[in-house]
Amino acid sequence: MKMSEMGITVKKSENFSEWYTQVVLKSGLADYAPIKGCMIFREHSYAIWEKIQEIFNKKIKEKGHKNVYFPMFIPESFLKKEAEHFEGFVPEVAWVTTGGNSKLEERLAVRPTSETIMYVTYAKWIRSWRDLPIKLNQWCNIVRWETSATRLFLRTREFLWQEGHTAHATEEEADTEVMEILNIYRDLMENYLAIPVLAGKKTEKEKFAGALYTTALEALMPDGKVLQMGTSHNLGQNFAKVFDIKFIGEDEEEHYVWQTSWGISTRMIGGLVMVHGDDKGLVLPPKITPVQAVIIPIPYKNVDTESIMRKANEIFEKLQKNGISVVLDDRAEYTPGWKFNEWELKGVPIRIEIGPRDVKEKQVTLARRDTSERLVVKEEKTVDTVTKLLEEIQNTLFNKAKKFLEDHTTTVKTFDEFKEALKKKGGFIRACWCSSPTCEEKIKEETGATIRLLPFEKEKLFSNCVCCGGEGKEVVYFGRAY
RNA sequence: GGGGCUGUCGGCUAGCUUGGUCUAGGCUUGGAGACUCGGGCUCUCUAGACCCCGGUUCAAAUCCGGGCAGCCCCA
């Protein structure tokens, strides 16, 4: 096959949408399922997902959370108990109405989120303050019947996520939990996925249906649109009251619990593709990639292939012993050039070439995926150099994305400036807002941009409301969201 | 949400305007073999397709309707 057909045939800068679709399909991350809006998470993306699970599980288990699994079916009556929650989710709920040949007496929702099914049970489990806190998490699939255009990873009718659900004795504890989780998310995104994020609170309009308040992390994509990467909600006592989750406190009085819920999904993988990928395909950060380095032997006719393979194996073992996830690509049926392209498409951070020249000089040739730089190092320095290089690549990717985010955050004082900045650059628009939902709505209608975040720490006001010109009450971040 | 468009071997596609030459061509991949290998090398043999349902017609990959699935653009 010609290179142009097998690799990515469109430039990231020229047609971003198509580039994205091609990278996802051709790198082997995902494929379409024969059901509208549904996708197949192939080995490559599932391995990344497992990596995310590994990192996140470790962090929450250290904090005392435990994993569980609740049913995927939710009786309609449960879902309806919290009115705002139901209203929020019902437009995209998939329903089960028949079982075998008989119609169900009560239809069952395929979970769009698990608050209700879990909290019915929480009510049963919680009696005394000694039962608190409850800190459970589950990894599962979620169905939301999207009607608008679907996109691999970014908007699909079924996706994978983790959802944490905690119950606490006090409001303060719930507040703390919300922030602690948000910080874990931020750590995961910035230090592992190498995707910088802005953190803050959602407006009333944008908050999770049924929550007291929602906090979120938002990342900026190269096309100037904003991707919500994770949310952490304080549910207050809203669900406790309708599900009757009460406990007898140390004060011997009856109290409703305070709850939180939070989640991140496979959508982040879409972010990973968009933020770091290039015209050759995926570029994966070393701390999240399933394969950190690939060794490609370069055999020649009339040379000692055996010594090349022996050395490739030695280096493979050495790297593996040092905790580097490495693959030795010794397939005889593909040429080295073919392999180079394939591994680049898949985003592997470091390639190690070992040919006759290297054997002769007791060296290896390294190539980094992010910059295409090649360097030759002495054989005994391989492990050190690879380790250092991995770290460097991780940092380079993050810094590059960080700079992009900063360069695409524009402060504006007037609505005209707002529109111009959004049109020209996209990204985050920093502006003063009068706190009225009317202005929030008007801006959305006229520009398509929504308030992505209210910063946790109020920033200094610098103008009147960007929309109505009335008194500015707070500085907020707008953006067009995915 | 609105608009444009697409569906042919595993992948990329030619053919569709003007129905018959299509027993559907090419490239690539898969299988067998040879030859190679520092950027998708080359050769031989071999396998492999008109999304589904209906309509028009003597005749449909081609025209029409519906369905299913997908893409792109704008909001």
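In what follows, every heavy atom counts, from backbone to side chain, and hydrogens, waters and symmetry copies are set aside. Only a predicted model underlies this, so the values are computations on that prediction, with no experimental measurement involved. By convention in this document, chain letters (A, B, ...) are assigned in the order of the sequence lines, proteins followed by strands, and residues within each chain are numbered from 1.
Comparing C37(B) with C43(B), their C1' atoms are spaced 16 Å from each other, to the whole Å. Here, C22(B) and U29(B) have their P atoms 27 Å apart, quoted to the whole Å. A distance of about 14 Å separates the C1' atoms of C52(B) and U8(B), rounded to the whole Å. Rounded to the nearest Å, the gap between the C1' atom of G39(B) and that of A32(B) is 28 Å. Taking atom P on both G48(B) and A24(B), the two are 11 Å apart, rounded to the nearest angstrom. Atom name C1', nucleotides G26(B) and G19(B): the rounded distance is 24 Å, in whole Å. With both ends at atom P, the span from A14(B) to C51(B) equals 14 Å, rounded to whole Å. Comparing the P positions of G30(B) and A75(B) gives a spacing of 43 Å, expressed to the nearest Å.
Using a 4.0 Å heavy-atom criterion, one finds that N15(A) contacts the sugar-phosphate atoms exclusively. Looking at heavy-atom distances under 4.0 Å, I296(A) makes no contact with the nucleic acid at all. If you check every strand for non-hydrogen atoms under 4.0 Å, Y32(A) touches sugar and phosphate atoms only. Among the heavy atoms of the strands lying under 4.0 Å from E18(A) are primed sugar atoms or P, OP1, OP2 only; no base atom is included. Within 4.0 Å of P34(A), counting heavy atoms only, lie sugar-phosphate atoms of the nucleic acid but no base atom. Using a 4.0 Å heavy-atom distance criterion, P356(A) is classed as a base contact. Note on G448(A): nothing from the nucleic acid sits closer than 4.0 angstrom, heavy atoms only.
Below the 3.5 angstrom threshold, one finds a donor paired with an acceptor across the side chain of T365(A) and the base of G38(B). Applying the 3.5 Å distance criterion, the base of G39(B) shares a donor-acceptor pair with the side chain of E344(A). For a distance-only test at 3.5 Å, the side chain of R151(A) fails to qualify as a donor-acceptor partner of the base of G70(B).
With a 3.5 Å ceiling on both atom-pair distances, G48(B) lacks any Watson-Crick or G-U wobble partner.
OP1 and OP2 of G70(B) both lie 4.0 Å or more from every side-chain N or O belonging to T21(A). Remark: T9(A) is not in phosphate contact with C12(B), judged by side-chain N or O atoms under 4.0 Å from OP1 or OP2.
Nearest heavy atoms, L397(A) versus P285(A): CD1-CA, 3.7 Å. Closest heavy-atom contact between A421(A) and I429(A): CB-CD1, 3.7 Å.
When each of K26(A), R368(A), R351(A), K339(A) is tested with E344(A) by the rule salt bridge (Lys or Arg N to Asp or Glu O under 4.0 Å), just one qualifies, namely R351(A).
Taking the six-membered ring where the residue is Trp, the centroids of F159(A) and F153(A) are separated by 6.0 Å or more.
In terms of modelled atom types and a separation under 3.5 Å, the side chain of S114(A) and the main chain of I117(A) share no donor-acceptor contact.
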